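Working notes, beginning with the structure itself.
Below, read A as the first sequence line, B as the second, and so on, with proteins coming before strands; counting in each chain starts at 1. None of the values given here were measured: they were computed from a predicted structure.
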Amino acid sequence: MYIKIKNNHIELIKSANPYLIFATIFAFVIGLYYSLFQSPPDYIQGDSMRIMYIHVPSAWFALMTYSILAGSCVLWFITRNPLFNVVARSIAQVGMIFTLMSLITGSIWGKPTWGVWWVWDARLTSMLILFFLYIAYIFLWQAISNKELASKISAALAIIGFINIPIIKFSVDWWNTLHQPASISKLSAPSIDVSMLIPLFIMTAACFLFLVTVSLIRFRLVLIENKVLRTSN
Amino acid sequence: MSNLIKRDLLLSFYSSANFFFTVSFFILILMLIPFAFGTQTEQLKVLFRGVVWIALALSIIITVDRIYNADYEDGNLDIIMQKNKTIEYLIISKYITHWFIYCLPLLVILPLLSFLFYLDYLETTQIFINLFIGSFGMVFIANFVSALTLGARRTIFLKAIIMIPLFVPFIIFGSDAGSWPILLALSMLSFVISIYVTAYGLRLYGE
Amino acid sequence: MSNLIKRDLLLSFYSSANFFFTVSFFILILMLIPFAFGTQTEQLKVLFRGVVWIALALSIIITVDRIYNADYEDGNLDIIMQKNKTIEYLIISKYITHWFIYCLPLLVILPLLSFLFYLDYLETTQIFINLFIGSFGMVFIANFVSALTLGARRTIFLKAIIMIPLFVPFIIFGSDAGSWPILLALSMLSFVISIYVTAYGLRLYGE
Amino acid sequence: MNELLDMGGYAIFVWSSYGIFFFSLIIFFLINILNLRKYEKIFNKTKNKID
Amino acid sequence: MNELKTENLSCKRGENIVLNNINFSIKSGETLVVKGRNGSGKTTLLRILSSFITSYEGKVLFNDVGISEDNLYNSKFNLIGQKNSLKENLSIKKNLELWDILFNEALDHTKLLEHNNLYHLFNKDVSSLSDGQKKCISLHRLNYNKYDLWFLDEPFVFLDEVNTNLLIEKINQFNENMGTVILTSNINLPKKFHKEINI
Amino acid sequence: MNELKTENLSCKRGENIVLNNINFSIKSGETLVVKGRNGSGKTTLLRILSSFITSYEGKVLFNDVGISEDNLYNSKFNLIGQKNSLKENLSIKKNLELWDILFNEALDHTKLLEHNNLYHLFNKDVSSLSDGQKKCISLHRLNYNKYDLWFLDEPFVFLDEVNTNLLIEKINQFNENMGTVILTSNINLPKKFHKEINI
Ligand code: HEM
Ligand SMILES: Nc1ncnc2c1ncn2[C@@H]1O[C@H](COP(=O)(O)OP(=O)(O)OP(=O)(O)O)[C@@H](O)[C@H]1O
Ligand SMILES: Nc1ncnc2c1ncn2[C@@H]1O[C@H](COP(=O)(O)OP(=O)(O)OP(=O)(O)O)[C@@H](O)[C@H]1O
Ligand SMILES: [Mg+2]
Ligand SMILES: [Mg+2]
C-alpha cells in the first residue's frame, strides 16, 4: 500500500508534461471547433446553449475534484502515506478554478435563459458553497505555518466539508421555498441530440486533460515546495 | 468536568461577557431590522425568523476566538488539559459553557422579542424549538473550527469563511418552521464529528 | 504616516486578512439572505439594501480589535507612537488602512452582488454612494471605540454594544436611497469627534 | 462569418463566457508553471549552497 | 520513594533534532537543574516530561512505568512554564479564584501572598503589575498541594534577590518533603542544587 | 556630548508612589544600571524617560531641555521593553520587514542574524522560537541606527551566557561611539558598568 515517490516517478511526470500540454491544447481546439461551429443551435435556447459545452464539464470536474480531494485526505489518514497529501494539495486549486468557471459560465448562461444572472436555488448555492470549501481548504493550509500541522488540519476540514455537498444537494427536495427552473431539466432530458453530445464529450475530455496536466505540474510544485520549506526552515 | 464548566462560566462572567451583555447584543441586532428594512408588520414577521438565525450565527462567529484561543495564548489551556485527561469531557464542558453563555440568552429573550415583532404563541414556540436544537449544532461546529485554527494566523475572517458554509444547512432548515427533526439530525451529526475533530485539533496543538 | 499605512497593509496581508478573504466574507454573509428569508425577488432586493449595511457593520465590529489592540498587546504600539509623534497623523493612517482593508472589498464586489440580487444600475449606484460615505463614518467610530477600550477587559461584546447604537443612524439613513447628504454630515461629525477621542484614548493608554 | 460572430443574438453571452473560461484556464496554468520555475530556482540555489 | 528517569530520550521539533540522547534519573527529594544554550531544548524537555509532547524517541519512566501508560501521572506534576496562565484584565483575586476551581483546591491566598509581600496588590489587575510581580503570582501555583513533581521553566527570571531566595527556600522545603524538582535556568543560581545536566 | 538628567523625579501609579526623588545624570558614552526590588519602578522610570508617561513630578532634562519640550527627542532614543513587538504568527523575516518599514531603515538582517547564530531560523514563525531566541530577535532592534540613547528593560533575561556577552559587547561598542545606555537589571551582571543606582 505504501507508495513512495521516487525520483524516477518525477522524471516520468516531467517528461510526460509536454505531451500532456500538447494533447490538452489539441483537444480544446477540436472541442472549440465542434462546439462553436460544428454543432447546431438548440431550438429553444438558440446559440446561447453553446455555453453548455464549457459549463457542464466545469461543473462535473468541480464536483469530481472535490471528491478526489476528500477521498485522498481520508486515504492519507488511513495509510499515513504522504503521497495522498501531495495529491490532495495538487488537485485542490484546479478544482477551485473549475468551480469558479462553472459559476461564472452558469450565471452568464442564466441571463439569456432565466432572465437573471443568478437564482438562489439549491444547486447554484451548493456550488457557491463548494467554492468556499475549496477556499477554506487552500487558505487554512497557508495560514498555519507549521506545514506538517497545516496538512493534517486542512485535510480534516476537507473531509468534513465533503458532508456538506450531499446535504445541500438533497436539500433540493426539502427546501420547498424554491424550485429548480424548468429550463435545466428540459436540456438534461435524454432527448439531447447526438450533435450536441459530441462537442460536450470532446470538451469534457479536454477539461479532463487540463485537470491532469495542471495537477501533475502542481504535483511537482508541491513536492519541491515541501523541500524548499524544509530546507529553509 | 463540572469544575471546568464552573470556571468557564465564572471567567466569562468576570470578563463582562455576562448575561446582560449578550442579551443586549441580541436585542441590538434584532433592533436593527426595522431600521434597516422598514416597519411593515407582515414583513417584520418574516424578517424576524431569519434574523434570529443570523444573530445567533453572528454571536457564535464573533466569540469563536474565546473557546480555546484565549486560554491557549495565556497558558491556561495547558492546565486545563492536564487536569482533564479525558479530553472528551473537556470538550463537552466547553460545548456546554459556550452554549450557555452565547446562545441561551437569545432563547431567553426570544419570547419577549417575538412579542415585539407581532409573532403569535405558536410561531414563537416553533422558532424557539428550532433555535434550541440548531444552536447546539452551531456550537459544535464552532468548537472544532476553533480547535483546528488554534495555531493559524489569528484571523477571524478565515474562521468565518470556514464556519458559515457549515452553518448554512442550519439556517436553511432553521428558518423553516416544521423541520426540527432535520435540525436534530444535523446537530447530532455535527456532535459526532466535532468531538473527534476537536480532540484531534487540541492534541495536535498541545505539542 | 505613509510608512505606517504601508506597514499596516503589509501586516494585514501577511496575517491573511487579505482582500480575497474579506471579499469572500462579504459574499458569504450576503449569501445567507436567501437561505434565511427565502428567495422572492422583490423581497431579496429590499433585504439586500439592509443586509449590506449589516455586513459592513459586522466586518467592522469583528475587526475592531485589530486596529489598536493587537499592536498594543505585543508592544508595537509603543514603536508606532514613538515614530509618529503627531498622533493625529497616526490616527488618520489607521482610518485609511482600516477602511482600505475591511470596507473597500465590499464596495468592490458590490456591483457583482447587486447583480445577483436583481438590483438595477441606478439602485446599485445609490447603494454604492451611501456605503462609500457611510463606511468612513463607521470606521471613524470603530477607531475611537477601539482606542477607548484598549485596556478594557477583552470583550468584543462590550465593543459591539457600544458601537451598534452609534452605527444605527448610519444604517437608518444608509438604507434610504437619497439620503447621502445626511450620511456625509454624520461621517464628518464622527470624524471630528473620533480624531479627538482616539487621540485622548491612545495617550491615556500610552502611560 | 458575421452570422457566426453574432451567435443568433447571444454573441455577448457566448463569447464572454468562452473568453473568461479560456482566459482563466490559461492564466491559472501560467501561474503554476511560473511558480514551479521559481521554486526550482530556489531549490537549486539552496542545493548548491549545501554542496 | 519516586523516581523519574529518561532513557536515550531524543526529540525532533520540525526538522531539527533538539534533544539527543538525554539520560538522567532523579529521585524524591532531589532537584535537577537543566542548563543549556538558548534553543537547546530545555523547555521542550519539560514539556515532554509533562506529557504534552508525545512524539519523542526513547523512554520516560516514572517509577519504571512509561509516563504515557500511567493514567495517574497527570495528577502528579505541576508545570510552571513561561506563559503565566493569568488573565491580564482580571484582578489577582479573580485570577486566583479561577485557579482554585481548576486546581480543585481552595488555598488561603491572603496568607500566602503576604509572605511574598504581594497582598496589597490583591485587587489590582494583573496588567498593572510589574514583570517580577507577575512572575511571583505565576509561581504562586506552587502552593497547590498534592504534587510529587515540580517542573519549573526558568523560574528565577524577573525575580529580585529577595524573591529568588524565597523561591529557593520553597524548593528546598519541597525537597525535604520528598518532592522532586526539575528546573531550567540560564543564569548561575546563588545556590547549588543536587544535580545538574547540560543539554 | 549629550546629557540626560533627572531632578527630583517622582511618580505615582494609581495610588502608590513608585518613584520618589530620583536624581541622576548620565553623559554620552556612559551606561547606567538601574537596580531595585520587584515593583520598585524601574520599568516606570524607563517609560518616563521615553516620554510615554507624562504625569510625573520633577524634571527630566535632555541637554538641559525638558524632554516634553524637545520636539526631536522622540527620534533620539530606542526603547526595548519586555513586550517583544513581534507578531507571533509571522516568520522572523516578515517581522523584520515590518520593523524595517516602521523604523524607516533597511538593515542587512542576514549578516546581523548570522552574528547571533539565528539566521537558520529566518523563515520560522516567532511562535516556534524558544524564549531566549525571541529575546535575541527582540534585541535585534538595537541594530537600527541613529539613536543617541538606549533604554533597555532587563535585556539579559532569558539570554544564555554567550548571548549575554554578545549584548554586553554591543553595549560597550555603543558606549564607545558616544551612545548613552540606561538599563535595568535584577541579576548581577558579569561586568561592571559605569554607573549604578538603586531605587
Ligand atoms: C451560476 C449558475 C449555475 C451553476 C452554479 C450551475 C451548476 C451546475 C452543476 C453543479 C452541474 C452539475 C450537476 C451534476 O453533475 O449533478 C450543472 C449541470 C448542468 N447545468 Fe448548470 N449551473 C448554473 C447555471 C446553469 C444554467 C443557466 C443552465 C441552463 C439554462 C444550466 C444548465 C446545466 C445543464 C444542462 C447541466 C448538465 C445536466 C445535468 O447534470 O443536470 N446551468 N450545473
Ligand atoms: N512549536 C515549535 N515548533 C517547532 N520548533 C520549535 C517549537 N518550539 C521550539 N522549537 C525549536 O526547538 C528548539 C528548542 O526550543 P526550546 O524552547 O526547548 O529551547 P530552550 O532550551 O527552552 O531555550 P531557551 O533557553 O531560549 O528558553 C528551538 O530551536 C526552537 O526553535
Ligand atoms: N499601568 C499601571 N497602573 C497602575 N500601577 C502600575 C502600572 N504599571 C505598574 N504599576 C505599579 O507600579 C509599580 C512599579 O512597576 P514597574 O513595572 O515600574 O516595576 P519594576 O521596577 O519594573 O519591577 P520589576 O523588577 O518587577 O520589573 C508596581 O508596584 C506596579 O504594581
Ligand atoms: Mg525555554
Ligand atoms: Mg520591570
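Among the candidates E:I53, E:N74, E:T44, the residue making the largest number of heavy-atom pairs closer than 4.5 Å to chain B is E:N74. With respect to chain B, the highest number of heavy-atom pairs below 4.5 Å among E:G81, E:S55, E:S51 belongs to E:S55. The choice from B:L4, B:I79, B:I80 that makes the most heavy-atom pairs within less than 4.5 Å of chain E is B:I79.
In plain terms, the two heavy atoms of E:F52 and B:M81 that are nearest each other are CE2-CB, 4.3 Å. Pairing each heavy atom of E:L86 with each of B:N76, the nearest pair is N-ND2, 4.5 Å.
At most 12 non-hydrogen atoms from other residues, nucleotides or ligands lie less than 6.0 angstrom from NE2 of E:H115. The neighbour count for B:W180 CH2, taken as heavy atoms of other residues, nucleotides or ligands under 6.0 Å away, does not exceed 12. Taking a 6.0 Å sphere around NZ of E:K27, one finds it holds 12 or fewer heavy atoms contributed by other residues, nucleotides or ligands. For E:N198, the CG atom is densely surrounded, since the number of other residues' heavy atoms within 6.0 Å is greater than 12. Environment of CD in E:E57: sparse, with no more than 12 heavy atoms of neighbouring residues, nucleotides or ligands closer than 6.0 Å. Atom NZ of E:K195 has more than 12 heavy atoms from other residues, nucleotides or ligands within 6.0 Å. More than 12 heavy atoms of other shown residues, nucleotides or ligands fall within 6.0 angstrom of atom CD in E:E3. Counting heavy-atom neighbours within 6.0 Å of B:Y196 OH, excluding the residue itself, gives a total of 12 or less.
For B:N3 (side chain) and E:L102 (main-chain N/O), no donor-acceptor pair under 3.5 Å exists by modelled atom type. Between the side chain of E:E88 and the backbone N or O of B:D74 there is no donor-acceptor pair closer than 3.5 Å.
No side-chain heavy atom of B:R203 sits less than 4.5 Å from a side-chain heavy atom of E:T54. The side-chain heavy atoms of E:K87 and B:Y14, taken from C-beta on, include no pair separated by under 4.5 Å.
In this structure, no portion of B:N84 lies under 4.5 Å from any heavy atom of chain E. Contact annotation for E:S50: neither backbone nor side-chain heavy atoms come within less than 4.5 Å of a heavy atom of chain B. For B:D78, the parts lying near chain E are the backbone and the side chain together; criterion is any non-hydrogen pair under 4.5 Å.
In summary, of the residues considered (E:I101, E:N104, E:D100), a side-chain contact (heavy atoms from CB on, under 4.5 Å) with B:R7 occurs for E:I101 alone.
Annotation: the span from B:Q82 atom CD to E:S75 atom OG amounts to 8.5 Å, rounded to 0.5 Å.
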